[in-house]
A.B. asks: 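Take a look at the following structure, please.
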Amino acid sequence: MPRTARVHLVALLVLMSVPYRSRAAEPPSSASADPAARLVGVWGSERVFGPEVRGELTLVRDGDTWQARIAGFEVAGRLEKGTLSVVLPGGQGEFRGTLSSNGQKIRGHWLQPKVIVGGTRYATPVELRAIQKDVWRGEVVPLEDRFTLYLVVQQATDGTLRAFLRNPEKNFGSRFSFRVSLTGTTLRLVDPQQPNMAFEGTYDEKSERLTLPILFLGPFDFTRRDRNQAPGLHARTPAPGPYSYRKPLAEADGWATASLTDVGIDPRPITALVQRILDTESGPGAAPAIQGLLIARHGKLVLEEYFQGFDKERPHDLRSASKTFAPMLIGIAIDQGAPLRAESPVYPLFPEYPSTGDTDPRKSALTVEHLMTMTSGFACDDNNDDSPGNENRLQDQETDWYQYTLELPLEHAPGGESAVYCSAGINLLGGVLRNTTRSWVPEFFERTLATPLQMSRYHINLMPTGEAYLGGGLYMRPRDALKLGQLYLAGGVWNGKRVVSKSWVERSTARHANMSAERTYGYAWWRHDIRVGDRIYAEYEAGGNGGQFVMVVPELDLTVMFTGGNYGQFPVWKKFREELLPQFILPAIQARR
């Protein structure tokens, strides 16, 4: 599966492998002739680039005027056409919301400034409650712009000093292997296979501190870490020992919980899988970096485990797994009476761009369904760097991404059975939603999907125009993301409440196009046949770069979620489905039907 969100560090993902000792022990004796030998061990550095504005937001109404207070700012608000907006100076944050009919709540979104790592803005839901007459208060919790780096220095079997980097958020530097040298206080890391890939910094022996400038991120100060001070480097911190299964805790998020045995799952294969994850150590090779594993059966959450510094409250980057939300929002809009069908021609839905479809008469045949099944015919192949509409080129545009997509040339007429992986086409569904529902897409997402699914904290990435980008990159709690699979498994119903029609669910998960000989495609659902012994199970999934999977196996009434950090390492994360699902999870259910 191709990449699904632009990562500024993609140039650093180059495959190589160098032999190392299995673990870094205590630094060697000072008798070593190499002065860099004193650096052997684990070094860590964490940088949080913001955003600075967060915390308590208070809105006060005085007649027709509004005032907002947050993080030391006091600014005026504006109410226009039912939408209350607050804009901080210098682009440091923005609030958009609406007052409930009874005046007790203001629900909306906080728009944070661009993050440093990725250059994207995010919208986060915020609810303010009345604390007295004409005063509302709530908490703003934007997406934290965090970047963690571990530098592991080891002595290779030939006696030379080598090092590798680990970064749980973006997988930065995961395929580089460095020679280490120390001359005086000057530290150099050079990849012998790519001499241009080098870092030069300093080592302060007195303070035991390494300082390395990391590209556009600036200097990182590394301090020595032991096993208990590196949660993002290891599966669990402290070292967990043998795994002991625990039933997930029920919370106020709609999930009922049960034990594995309650729903007919043999704990032994599941225990073996989790133990395998716990036993995986970071190294210079491409080891599986599983950061979350959740299982639900018969509508009950029965396994919830997190690794590498993640926990249930930390939103995870779903990458292209969040594409699947786009067609679901289209289905909800149709259910709610929007002037729209799957067969609706696309170009008439964008009257604000009157000339975009004039260059090729074949564009008149483009339908909403073609966008959902990636059979648009646009020159937008994410697997082809030269394609004018691939995701990286789209996201390089500083103007309207909808218009850019509509103006792309066609490589063939819309339709047919062969799909071409195209994030730009899925994202264009956001414009269809905007124009047919007259809603800001984050607001429509919150009202029609997040609220009925009882989702809590999530962060929607935005385009330069301030509209939601639906081509991938939504951050969400794994417990909430798993609800996507459970909702479709239940025919569009969550906890007794219909969210999307059963007919749309059936239509979405049916075969519409071929991605390859082994993989077919629905409405942004991947479809596979999974073999376990002499049995074959039909499975459909939302999938994303790095190992983000929401998997559904209808015959077993089963949903499974993996989250992972193997960005740009498709041969590694595809094994989550091809090996871990059929070798551990599905056999556990076969054993106890």
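Values below: all heavy atoms of this structure, side chains included; hydrogens, waters and symmetry mates excluded.
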A.B. asks: Answer yes or no for Arg319 and Tyr567: cation-pi contact, defined as NZ/CZ to six-membered ring centre under 6.0 Å and angle to ring axis within 45°.
C.D. replies: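 Because its charged atom sits under 6.0 Å from the ring centre and within 45° of the axis, Arg319 does stack over Tyr567.
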A.B. asks: Side chains of Thr223 and Glu208: any donor to acceptor distance under 3.5 Å?
C.D. replies: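 No.
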A.B. asks: Looking only at heavy atoms, what is the nearest atom pair of Val40 and Leu161, with distance?
C.D. replies: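 Taking every non-hydrogen atom into account, CG2-CD1, 3.3 Å.
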A.B. asks: Flag yes if more than 12 heavy atoms outside Glu127 fall under 6.0 Å of its CD atom; otherwise flag no.
C.D. replies: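 Yes, CD of Glu127 has more than 12 neighbouring heavy atoms, counting only those of other groups under 6.0 Å.
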A.B. asks: Testing the 3.5 Å rule here: is there a donor-acceptor pair between the side chains of Gln291 and His316?
C.D. replies: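 There is such a pair between these side chains.
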A.B. asks: Among side-chain atoms of Tyr469 and Glu391, is any donor-acceptor pair under 3.5 angstrom?
C.D. replies: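 Present: a donor and an acceptor within the cut-off.
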A.B. asks: I'd like to know whether the aromatic ring centres of Trp43 and Phe220 sit less than 6.0 Å apart in this structure.
C.D. replies: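 That pair fails the under 6.0 Å test.
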A.B. asks: If we check side-chain contact (heavy atoms from CB on, under 4.5 Å) with Tyr245, which of these qualifies: Val274, Thr261, Ile270, Leu260?
C.D. replies: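 Going through Val274, Thr261, Ile270, Leu260 one by one, the side-chain contact (heavy atoms from CB on, under 4.5 Å) with Tyr245 is satisfied by Leu260 alone.
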A.B. asks: Does this structure show an ion pair linking Glu305 with Arg236, if we count only N-O contacts that are shorter than 4.0 Å?
C.D. replies: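 So Glu305 pairs with Arg236 through a salt bridge.
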A.B. asks: Do Asp221 and Thr211 have side-chain N/O donor and acceptor atoms under 3.5 Å apart?
C.D. replies: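 A donor-acceptor contact under 3.5 Å links the two side chains.
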A.B. asks: Calculate, to the nearest 0.5 Å, the distance between atoms CG and CD belonging to Leu278 and Glu281 respectively.
C.D. replies: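 Rounded to the nearest 0.5 Å, the CG-CD separation comes to 10.0 Å.
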A.B. asks: Between Pro582 and Arg577, which heavy-atom pair has the shortest distance, and what is it?
C.D. replies: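 The answer is CD-O, 2.9 Å.
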A.B. asks: Are Glu169 and Arg314 ion-paired here, with the side-chain N under 4.0 Å from a carboxylate O?
C.D. replies: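 Answer for the salt bridge query: yes.
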A.B. asks: Answer yes when Arg137 and Glu56 have at least one side-chain N-carboxylate O distance shorter than 4.0 Å, and no when they do not.
C.D. replies: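 Result for this pair is yes, salt bridge flagged.
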A.B. asks: We want to know whether Gln112 and Asp145 form a side-chain donor-acceptor pair, criterion being a heavy-atom distance below 3.5 angstrom.
C.D. replies: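 No - no donor-acceptor pair under 3.5 Å links their side chains.
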A.B. asks: Quiz question: by atom type and distance under 3.5 Å, do the side chains of Thr160 and Arg162 form a donor-acceptor pair?
C.D. replies: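 Looking only at side-chain atoms, Arg162 and Thr160 do form a donor-acceptor pair, the distance falling under 3.5 Å.
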A.B. asks: Between Tyr458 and Phe445, does the ring centre distance come in under 6.0 Å?
C.D. replies: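 Distance test on ring centres: under 6.0 Å, yes.
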